[in-house]
Amino acid sequence: MSSSPYYLKGSALNVRLNGVIGWLARRGLSLAGSAELSVRGRKSGKLQRVPVNPHTHDGAQYLVSARGHSQWVRNMRAAGGGELRVGRKVREFTAVELPDAEKLPILRTHLERWGWQVNEYFQGVTAASSDEEINAAAGDHPVFRITVKG
């Protein structure tokens with residue numbers, strides 16, 4: 001077992017595409033529901049920006065880190081919230097990380113909605129995988145329940 005948490009770095013193409021998706025979101029164009037996440041850096045204190053796919057399940061909103069324990073995840077743990085932006089619409093939110101035992105329905109519906117984009121990061125786990133397989137992958141994919149302020 002690896003001593004460091006799971007994280008799959010994006011390829012150069014992924015990084016470039018994320019830059020374009022974030023740029024579009026800042027200008028008001030959301031691709032398939034994407035938004036730009038801004039979260040304060042835990043070391044720098046500066047806002048860090050990354051495109052994300054906010055996910056709604058049973059009336060609540062979530063952010064799922066398909067790539068694992070990324071920098072935005074580490075920053076979110078420290079900051080406890082951030083902002084989602086699509087154009088001029090900015091939604092400030094607080095975030096609570098879910099324990100692995102609560103992730104199954106969120107991960108399954110996230111994979112149903114976004115699998116076409118994120119399956120490669122789930123190491124063979126898909127929306128059609130068994131509960132046991134998804135639960136086994138849960139620790140590698142942080143999930144935050146977000147609550148929009150105001």
Side-chain angles (χ1 to χ4, degrees), residues 1-57 60-98 100 103-104 106-129 133-149:
M1 181 173 201
S2 174
S3 61
S4 60
Y6 172 78
Y7 173 67
L8 185 59
K9 185 176 180 177
S11 68
L13 178 60
N14 290 139
V15 171
R16 174 166 259 149
L17 286 173
N18 275 350
V20 169
I21 292 167
W23 184 87
L24 290 170
R26 281 191 303 281
R27 279 145 187 84
L29 182 59
S30 172
L31 297 178
S34 64
E36 183 180 66
L37 167 67
S38 295
V39 62
R40 192 146 316 273
R42 65 195 181 286
K43 294 178 184 176
S44 71
K46 296 179 182 176
L47 284 179
Q48 306 295 314
R49 301 185 309 199
V50 62
V52 293
N53 299 321
H55 178 65
T56 301
H57 176 77
Q61 273 212 302
Y62 300 90
L63 294 177
V64 175
S65 181
R67 291 188 183 167
H69 298 265
S70 63
Q71 292 299 318
W72 77 257
V73 166
R74 294 171 183 166
N75 290 336
M76 185 71 70
R77 287 174 178 148
E83 296 177 344
L84 290 173
R85 171 185 297 275
V86 177
R88 292 184 180 159
K89 184 178 180 182
V90 178
R91 298 178 293 150
E92 191 176 345
F93 65 87
T94 58
V96 175
E97 188 168 3
L98 298 185
D100 292 349
K103 293 179 184 178
L104 174 64
I106 291 93
L107 289 176
R108 184 175 301 285
T109 57
H110 180 79
L111 288 165
E112 287 169 357
R113 171 76 169 97
W114 298 102
W116 60 275
Q117 186 181 23
V118 301
N119 275 350
E120 68 181 291
Y121 305 118
F122 278 80
Q123 303 178 41
V125 174
T126 69
S129 295
E133 291 169 320
I134 293 175
N135 279 330
D140 290 338
H141 303 283
V143 175
F144 294 88
R145 181 183 306 109
I146 63 172
T147 303
V148 175
K149 294 181 180 180

| task | Tell me, with the steps shown, if Tyr62 and Leu98 meet side-chain contact (heavy atoms from CB on, under 4.5 Å). | result | CA-CA 10 Å; Tyr62 300 90; Leu98 298 185; 3.8 Å; yes
| Minimal non-hydrogen separation, Glu36 against Ala25, with atom names | N-CB, 3.8 Å
| query | Does a sphere of radius 6.0 Å around CZ in Arg16 hold more than 12 heavy atoms from other residues, nucleotides or ligands, not counting ones at 6.0 Å or beyond? | reply | no
| request: Determine, stepwise, if the pair Trp114 / Val64 fulfils side-chain contact (heavy atoms from CB on, under 4.5 Å). | output: CA-CA 10 Å; Trp114 298 102; Val64 175; over 6 Å; no
| In Å and rounded to the nearest 0.5 Å, what is the CZ to NZ distance from Arg145 to Lys103? | 12.0 Å
| query | Between Arg27 and Gly87, is there a donor-acceptor pair closer than 3.5 Å when you use the side chain of the first and the backbone of the second? | reply | no
| request: To the nearest 0.5 Å, tell me how far Asn18 CG sits from Arg67 CZ. | output: 5.0 Å
| said: Just by distance, no angles: are the side chains of His69 and Arg77 close enough, under 3.5 Å, to form a donor-acceptor pair? | reply: yes
| field | Heavy-atom pair with the smallest gap, counting every atom of His55 and Ile106 | value | NE2-O, 3.7 Å
| said: Quick check: closest heavy atoms across Ala95 and Met76, and the distance to 0.1 Å? | reply: CB-SD, 3.7 Å
| field | Rounded distance [0.5 Å steps], NE2 in His57 versus CZ in Arg113 | value | 15.0 Å
| said: Using every non-hydrogen atom in the two residues, find where Ser34 and Ile21 come nearest and quote the distance to one decimal. | reply: OG-CG2, 3.7 Å
| remark: Rounded to the nearest 0.5 Å, the NZ atom of Lys9 sits from the OG atom of Ser70 at a distance of 13.0 Å
| task | Quick one: do Asn135 and Asp100 satisfy side-chain contact (heavy atoms from CB on, under 4.5 Å)? Show the steps, please. | result | CA-CA 7 Å; Asn135 279 330; Asp100 292 349; over 6 Å; no
| side-chain contact (heavy atoms from CB on, under 4.5 Å) evaluation trace for Ile134 with Leu104 | CA-CA 6 Å; Ile134 293 175; Leu104 174 64; 3.5 Å; yes
| said: If the test is side chain to side chain contact (heavy atoms under 4.5 Å, CB included), which one of Ile146, Leu63, Asn75, Asn53 qualifies with Leu37? | reply: Leu63
| request: Applying ring-ring contact (aromatic ring centres under 6.0 Å, His included), name anything that partners Tyr6, two or more places apart in sequence or on another chain. | output: His141
| field | Smallest separation among heavy atoms of Ala66 and Tyr121, with atom names | value | O-CB, 3.2 Å
| said: So which atom in Leu29 and which in Val86 form the shortest heavy-atom distance, rounded to 0.1 Å? | reply: N-CG1, 4.4 Å
| task | Mind checking the CG-CD spacing from Leu84 to Glu92? Nearest 0.5 Å is all I need. | result | 10.5 Å
| message | Less than 4.5 Å apart, side chain to side chain, heavy atoms only: is that true for Arg85 and Ser38? | response | no
| said: Between Phe144 and Val73, is there a side-chain heavy-atom distance shorter than 4.5 Å? | reply: yes
